[in-house]
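Okay, so here's the structure we're looking at.
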Amino acid sequence: MAPTPIDPSGVACSEFLPDPGLSRAEMESLQRKLATTATFADDHGVDPAAVAIDEPADLTDGLPGARQETLSGTHAEGDDAGDSDAPVVVGIDQAFLTPEDGEERAVSAAVAIRDGDVIEYASATTPLSIPYVPGLLAFREGEPMLAALDTLSVEPDLLVCDGSGRIHFREAGVATHVGVLLDVPSVGVAKSLLCGAPDEPTDERPAGWQTPIRADESVETAGVGGGAADGDTAAPVIGHAYQSRQYPNSRRVNPLYVSPGHRVSPATTVEFVDALCAGYKLPEPTRIADAYADAAKRDAA
DNA sequence: GCGACAG
DNA sequence: ATCTTGTCGC
């Protein structure tokens, strides 16, 4: 099914499509508009405990098989599919094909997980028309992501994106773009900080540790209403640094930088990521999508 | 002008 | 993101 031309929020999807003709200023303008449309508060009805993953997937011997959904009209008891009432979490990641001579292509890989098990894989290979520019990542990778998500048969209750959401110069990272366009709850998980500042230093923190990331001078806050002179108001929390894993000694692990994409609050974003991590630095949906993207890339090559 | 910046 | 083997440490 083709992407909806206009999403429920009133943002025209066509404006979002990668367009080499769009100037940088125009793309930035669209992001400000998108940020105004985005919701950085909880509006999802998904309990973090309901999406928790306890056992990490074993990726040393290939990808985990997708468990078949029960296809019969009625619920079957005792089949090997998980709880079909549990929320569906979709992790998505990209890999790239850059031939010496040919055109650059993106391989988008989406993994749907329910009740701790992979229930579906979906990927799409798309030509890229825009180079990577910090702050404009969504205009490069957003379309490929939508293409992969479009082939999924299940509806995501929560989307876990690679990269930032609200932690962005205009509060419109790729997780926000995709979340708003599909009007699905989404969070962004980044391995490095794009902008903003942590309340506390993030070095050598134990697993489970977190600290708020607040908007700094480089962040244009969309906010609500007119221009209130924020003289002594604390800068808004746009995300968190979250230490998902740490080694007992020596070698240090950097924290993740997690932020709301759409319809999720900063605090709940951390809860989701915490629940989705199962012993590795990256949350399982992202970790599996990452492996799937590499596999799909090999097949495409 | 310099810095600085997800994937 | 991508180009890439071995290697230090739990």
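A, B, ... follow the sequence lines: proteins, then strands. Residue 1 opens every chain.
In this structure, Glu217(A) places its CD atom 19 Å from P of dG3(B), rounding to the nearest Å. We find that CD1 of Ile130(A) is positioned 18 Å from P of dA6(B), with the value rounded to whole Å. Nucleotide dG7(B) holds its P atom 11 Å from the CD1 atom of Ile167(A), rounded to whole Å. Distance, Leu128(A) CG to dT2(C) P: 12 Å, rounded to whole Å. With rounding to whole Å, Phe96(A) atom CZ is found 15 Å from dC3(C) atom C1'. The CG-P distance, from Asp162(A) to dA6(B), rounds to 13 Å in whole Å. With rounding to whole Å, Lys281(A) atom NZ is found 18 Å from dC10(C) atom C1'. Whole-Å rounding puts the His177(A) NE2 to dG7(B) P distance at 15 Å.
In this structure, of dA6(B), dT2(C), dG7(B), it is dG7(B) that holds the atom nearest to the side chain of Glu141(A). Of the candidate nucleotides dC3(C), dG7(B), dA6(B), dA6(B) has the atom nearest to the side chain of His168(A). When each of dT2(C), dA1(C), dA6(B) is scored by its nearest atom to the side-chain atoms of Leu194(A), the top-ranked nucleotide is dA6(B). Nearest nucleotide to the Val174(A) side chain, out of dA6(B), dC3(C), dG7(B): dA6(B).
No side-chain donor from either of Glu26(A) and Ser29(A) sits under 3.5 Å from a side-chain acceptor of the other. Asp43(A) and His262(A) form no side-chain donor-acceptor contact under 3.5 Å, judged by distance and modelled atom types alone. Inspection of the Glu171(A) and Thr221(A) side chains reveals no N or O donor paired with an N or O acceptor under 3.5 Å.
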Discussion item. Apply side chain to side chain donor-acceptor pair (under 3.5 Å) to residues Gln31(A) and Arg170(A) and explain how you reach the verdict.
Written reply: CA-CA 6 Å; Gln31(A) 292 186 318; Arg170(A) 291 163 293 281; 2.7 Å; yes
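Within the 4.0 angstrom heavy-atom criterion, only backbone atoms of the sugar-phosphate kind lie near Ser192(A); the bases stay farther away. Contacts of Leu136(A) with the nucleic acid, taken as non-hydrogen atoms under 4.0 Å apart, include base atoms. Phe169(A) comes within 4.0 angstrom of a base, heavy atoms only. Residue-level contact check: Tyr132(A) touches the bases, meaning some heavy atom is under 4.0 Å from a base atom.
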For residues 267-281 of chain A, tabulate all N or O donor-acceptor pairs below 3.5 Å that involve a side-chain atom, not counting sequence neighbours.
residue   : atom : partner   : partner atom : Å
Thr268(A) : OG1  : Asp42(A)  : OD1          : 3.0
Thr268(A) : OG1  : Asp42(A)  : OD2          : 2.8
Thr268(A) : OG1  : Ser265(A) : OG           : 2.9
Thr269(A) : OG1  : Ser265(A) : O            : 2.8
Asp274(A) : OD1  : Tyr242(A) : OH           : 2.6
Lys281(A) : NZ   : Asn254(A) : O            : 3.3

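One finds a side-chain N or O of Lys191(A) lying less than 4.0 angstrom from the OP1 or OP2 phosphate oxygen of dA1(C).
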